[in-house]
Participant: 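If you scroll down you'll find the structure; I have some questions about it.
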There are 2 protein chains.
Amino acid sequence: MDMEKAVSALNNPIRRQILHWLKDRSNFPPALPEHKDAEGVCVGYIQEKAGLSQSTISAYMNALKQVGFVEAERHGQWTFYYRNEEKIQEFLNAMSNELSIS
Amino acid sequence: MDMEKAVSALNNPIRRQILHWLKDRSNFPPALPEHKDAEGVCVGYIQEKAGLSQSTISAYMNALKQVGFVEAERHGQWTFYYRNEEKIQEFLNAMSNELSIS
DNA sequence: TCTATATATCGAGATATTACGATATATAGA
DNA sequence: TCTATATATCGTAATATCTCGATATATAGA
């Protein structure tokens, strides 16, 4: 866990918000019938909800992916992003260790 | 807890390191006899350990103080900084809530 | 193959952060 | 009051981040 990159990825309210939204699929419009089997949420839905440009959201999701907080899965033309709960917990533990425990 | 400012204050390896060092007074040179009663560590010691300029450390400590992670106490010409464990724990809990719990 | 759609990447201007040296302020002691 | 020391504040150049629009790439379907 690269704490440098991890904290940096979280040092943005929208990226933190997206991570939070991804906790619950119902924060987004229902999946299309052909995507019922795909895990996660496509970039377009995240973009719409966040209200930022497509390129910005794509970069944001990449930043979150680089540190492992989310994973990406391609299904056709769509990329679906979903949380990596282990990595998120790992970060919280590392942060707790770094700040609290001597 | 202003998460915006809090994460921003932690988005710097030296500031995180300082918070960690402050966990244990023995990370710094022993206190002068006339400071035996003062809680915390003076700016000069922190500066020396961090290896950055005096003005930078002063600004860093102020950033940490603004979000409540440390508190400051003046004793004569010295300012002593020490951790606010409650606020740090409050931040860790808030972070955990924001990231993990839906 | 051609077109439409979804996403990724690129380049850039605006803004924020970093870290410094210079200077100001506060206090202790002569 | 004058000087020395500790810390705070100011002005700054360098660097990083934010966010966009334009463009490139990937895939599905006609």
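Throughout, a chain's letter reflects where its sequence line sits, starting with A, and its residues are numbered from 1.
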Participant: Does this structure show an ion pair linking B/E4 with A/R16, if we count only N-O contacts that are shorter than 4.0 Å?
Facilitator: yes

Participant: Whole-Å distance between C/dT5 C1' and A/R74 CZ?
Facilitator: 11 Å

Participant: Applying a 4.0 Å non-hydrogen cut-off, can you work out what B/N62 is touching in the nucleic acid: base, sugar-phosphate, or nothing?
Facilitator: nothing

Participant: Measuring only between side-chain heavy atoms, which start at C-beta, is B/L19 closer than 4.5 Å to B/F69?
Facilitator: yes

Participant: Take atom CG of B/L52 and atom P of D/dA14, then tell me their distance rounded to the nearest Å.
Facilitator: 19 Å

Participant: Between the base of C/dA6 and the side chain of A/Q54, is one N or O donor paired with an acceptor at under 3.5 angstrom?
Facilitator: no

Participant: Heavy atoms only, 4.0 Å cut-off, all strands: where does B/Y81 land among base, sugar-phosphate and nothing?
Facilitator: sugar-phosphate

Participant: Among D/dC20, D/dA6, C/dT17, which nucleotide sits nearest the side chain of A/S53?
Facilitator: D/dC20

Participant: Considering heavy-atom distances to DNA chain C, does B/G76 or B/T56 have its closest nucleotide positioned more toward the 5' end?
Facilitator: B/T56

Participant: What is the nucleic acid contact for A/S58, judged by heavy atoms within less than 4.0 Å: base, sugar-phosphate only, or nothing?
Facilitator: base

Participant: Without decimals, in angstroms, what is the distance between B/L32 CG and C/dG29 P?
Facilitator: 12 Å

Participant: What's the NE2-P distance between B/H75 and C/dA26, to the nearest Å?
Facilitator: 18 Å

Participant: Check whether any side-chain heavy atom of B/M95 sits under 4.5 Å from a side-chain heavy atom of A/F91, and report yes or no.
Facilitator: yes

Participant: In Watson-Crick or G-U wobble terms, both distances under 3.5 Å, what is the partner of D/dA26?
Facilitator: C/dT5

Participant: Determine, for A/E39 against A/R25, whether the closest basic-nitrogen to carboxylate-oxygen distance falls under 4.0 angstrom.
Facilitator: no

Participant: Could you give the CD1-to-P distance, from A/I57 to D/dT17, as a whole number of Å?
Facilitator: 18 Å

Participant: Hey, which of these two, A/I14 or A/W78, hits DNA chain D nearer its 5' end, going by closest nucleotide?
Facilitator: A/I14

Participant: How close or far is atom P of C/dT7 from atom CD of A/Q47, stated in whole angstroms?
Facilitator: 9 Å

Participant: Nearest to the A/S55 side chain among D/dC10, D/dT7, D/dA22, which nucleotide is it?
Facilitator: D/dA22

Participant: Starting the side chain at C-beta, find the nucleotide from D/dT7, C/dT7, D/dC18 nearest to A/N12.
Facilitator: D/dC18

Participant: In this structure, how many angstroms lie between the C1' atom of D/dT17 and the CD atom of A/E4, rounded?
Facilitator: 14 Å

Participant: Indicate, yes or no, whether a donor-acceptor pair under 3.5 Å links the base of D/dT5 to the side chain of B/Q77.
Facilitator: yes

Participant: Can you tell me the distance, in whole Å, between the NE2 atom of B/H35 and the C1' atom of D/dA6?
Facilitator: 10 Å

Participant: Under the side-chain contact (heavy atoms from CB on, under 4.5 Å) criterion, do B/Y81 and B/V41 qualify, and how do the steps go?
Facilitator: CA-CA 5 Å; B/Y81 285 96; B/V41 179; 6.0 Å; no

